[in-house]
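To start, the structure itself, in structure tokens.
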Amino acid sequence: MTRLESTNSQQLDENFETAIAAYEWARLAGDDVEIASLLKASDARQRAELACELIRIDLEVAFDQGQHRKLDDYRSTVPELFNYPDLLAQVAFEHWRLRHDKGEAVEPSDYLHQLALSQSDWPVSLANGEGWHCPADFPEVGESFDSMPLEAVMGSGAFSRVYIARQPWCANRQVVLKVTTRKSFEPDRLGKLQHTNIVPIYSLHYDWGLLGVCMPLLGRETLDTRLRGVDSQTARASTKNVGHGGSTVDDQLGDSTGNVSPATIRSSSHVGPMDWRAAFEMGVQLARGLQHAHTAGIVHGDIKPANMLLGDDGIPRLLDFNLSRDMADQAADSGPIGGTLPFMSPQQLAGMLAKQPPECRDDIYSLGAVFYLMLGGTQPFATPLGPVRDTVPPMIDVRNAGVVPLRRVSPDVPPSAAAIVEKCLAADVNHRYQSAAELADELERQLRDEPLKLTREPSIRERIYKAVRRNRVVLGRMLAVLALLVAIATGLSAWQASQRSGLLAQHAR
């Protein structure tokens, strides 16, 4: 690729992200925006890729607001999409999922026949019936799950739904109940963990032919919704994690025929960077929780803002260990391989394609990507649209080339704070912090205005500034003593001058 082609490619990625973010916020705000007006690319394939992502946003918002969309509604405005079966299938899958979630009896076969798609086009394998027959129906609000009344839905995906429920036998307390149709390793992982900064598990329940994982209700806001600056109701509509075709990629990278599941990422618009001290204070606690998990042999594997709960008590906590790995269990069926593309290290991306699980330093990289987003207001790397096997190799190359310096994105971030974040995002695992405990200690040193031990501080001026801040109490006392001495000296000089004037007056008489 020539330098000009590389520049044009980067420009295209930025245009895609801008268009997607602007459209999502406009739809959530209730504005009607013509999708065709945002399709600025001249290449038909590029226009179709962007149209695919915008239509999926439109469908999700419309269905959440009780509006029903037909796929044919888009044929006249974005005809390019209907010329690419792989992209059309992604939109069809989203439409099928939303209709199923609304309780409609609909099969993927309806879409395959109507849109002249083949089974290999469908984003999940239909060979064993998954995605062909709808998953088991979830209970509705007002019904009960294992004698627990369900009061509200907090979120939902293709294979799970999260409720607020009550336990009548425990003082009628409110709890979070995650109900899933699939085998989950999350309870086994969480059962090994007990830490202030990790959402714990209460119990397991079976009802309706489904598994329910019960957890305490500690809050309803995540770091993702905080950064977006939206209320919990709006966030619920915009952050549903639909396993296939959403931001998280699991083990559905290919079916028995070798077809690749198209997995794309919707870029999130954020309302601007956080104060670095507030971000690092939160980061210390999350890093301590992560270290606890690592010490217990558990790699989280999906560190991102949506998996960081901001508790009503002010304590941040890690949640959603559905993609976590137990380092003591290397069995091939010990859980799905995946993560969320914008926050994955180059090693984790490569391992995903090779069906290799992540390791602890991949979690540290992901936490660094979260810091970059918090302090810079943008993700450290763009995530292209398209099939995973096509987009991941260039994503690895971009990460290996290094991240754009944080201070170039957000100049107000102190150089030493930026250095910590960039060390987390080192392409070489040996150049990162080697444990979450090391990272937490370094963050605390930065918060205390102490010299960093594991990171080279790039600014002599900041070292002096830190020393002044760190010793401001002593300096304040020294200045107070100095001021007192000056006042005494001034008073003494004035007294002596008065005495001399008196003597001169006596001699004059």
Side-chain angles (χ1 to χ4, degrees), residues 1 5-6 9-10 12-14 16-17 20 45-46 48-50 52-53 56 84 86-87 89-90 93 120-125 241-255 257-268 299-304 306 322-323 325 332 335-359 361-370 372-373 378-404 424-429 432:
M1 179 182 292
E5 290 172 331
S6 176
S9 176
Q10 181 178 1
L12 181 63
D13 287 341
E14 292 174 353
F16 269 36
E17 290 187 6
I20 291 169
R45 172 73 189 192
Q46 294 167 353
E49 288 176 346
L50 180 55
C52 170
E53 198 65 17
R56 289 171 56 206
Y84 297 95
D86 60 323
L87 300 175
Q90 292 183 50
F93 178 87
S120 62
D121 294 323
W122 200 247
V124 294
S125 172
N241 182 4
V242 184
H244 302 287
S247 63
T248 299
V249 183
D250 64 11
D251 56 349
Q252 299 295 324
L253 285 173
D255 58 21
T257 64
N259 292 302
V260 179
S261 303
T264 61
I265 179 71
R266 178 183 314 156
S267 297
S268 300
V299 179
H300 188 283
D302 195 21
I303 297 293
K304 59 182 178 181
N322 191 50
L323 293 179
R325 303 290 293 191
I337 300 290
T340 301
L341 297 179
F343 301 96
M344 293 169 71
S345 70
Q347 292 78 18
Q348 188 177 1
L349 287 169
M352 180 179 66
L353 294 181
K355 297 290 185 179
Q356 297 296 320
E359 56 130 311
R361 290 174 294 184
D362 294 317
D363 280 345
I364 293 172
Y365 188 99
S366 299
L367 190 52
V370 173
Y372 195 101
L373 176 61
T378 185
Q379 293 170 353
F381 303 101
T383 304
L385 303 172
V388 169
R389 291 194 187 277
D390 294 340
T391 59
V392 164
M395 289 170 61
I396 295 174
D397 292 339
V398 169
R399 282 160 170 72
N400 285 335
V403 66
V404 174
C424 292
L425 291 170
D428 187 336
V429 295
R432 294 175 207 157

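Quick caveat, the model's predicted, so the values are computed rather than measured.
When all heavy atoms are compared, the tightest approach of Val403 to Leu425 is CG2-CD1, 4.3 Å. Closest of all the heavy-atom pairs between Tyr372 and Thr378 is CD2-O, 3.4 Å. Residues Gln348 and Gly339 share a closest heavy-atom pair of NE2-CA, 4.3 Å.
From Asp363, atom CG reaches atom CD1 of Ile303 across 5.0 Å, with rounding to the nearest 0.5 Å. Here the CD-CD distance, from Gln347 to Glu359, works out to 7.5 Å after rounding to the nearest 0.5 Å. Atom NE2 of His300 and atom CG of Asp362 lie 13.5 Å apart (nearest 0.5 Å).
For Ala427, the side-chain contact (heavy atoms from CB on, under 4.5 Å) partners at least two apart in sequence or on another chain are Asn400.
Between the Gln379 side chain and the Ala369 main chain, no donor and acceptor come within less than 3.5 Å of each other. With hydrogens and angles ignored, the 3.5 Å screen pairs no side-chain donor or acceptor of Arg432 with any backbone N or O of Ile364.
Under 4.0 Å is where a charged nitrogen must lie from a carboxylate oxygen, and between Asp86 and Arg45 at least one such pair does.
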Going through the checks in order, is the side-chain contact (heavy atoms from CB on, under 4.5 Å) test met by Met344 and Thr383?
-> CA-CA 11 Å; Met344 293 169 71; Thr383 304; over 6 Å; no

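Asp302 is not listed as a side-chain neighbour of Asn322, based on a closest heavy-atom distance of 4.5 Å or more. The side-chain heavy atoms of Met395 and Phe381, taken from C-beta on, include no pair separated by under 4.5 Å.
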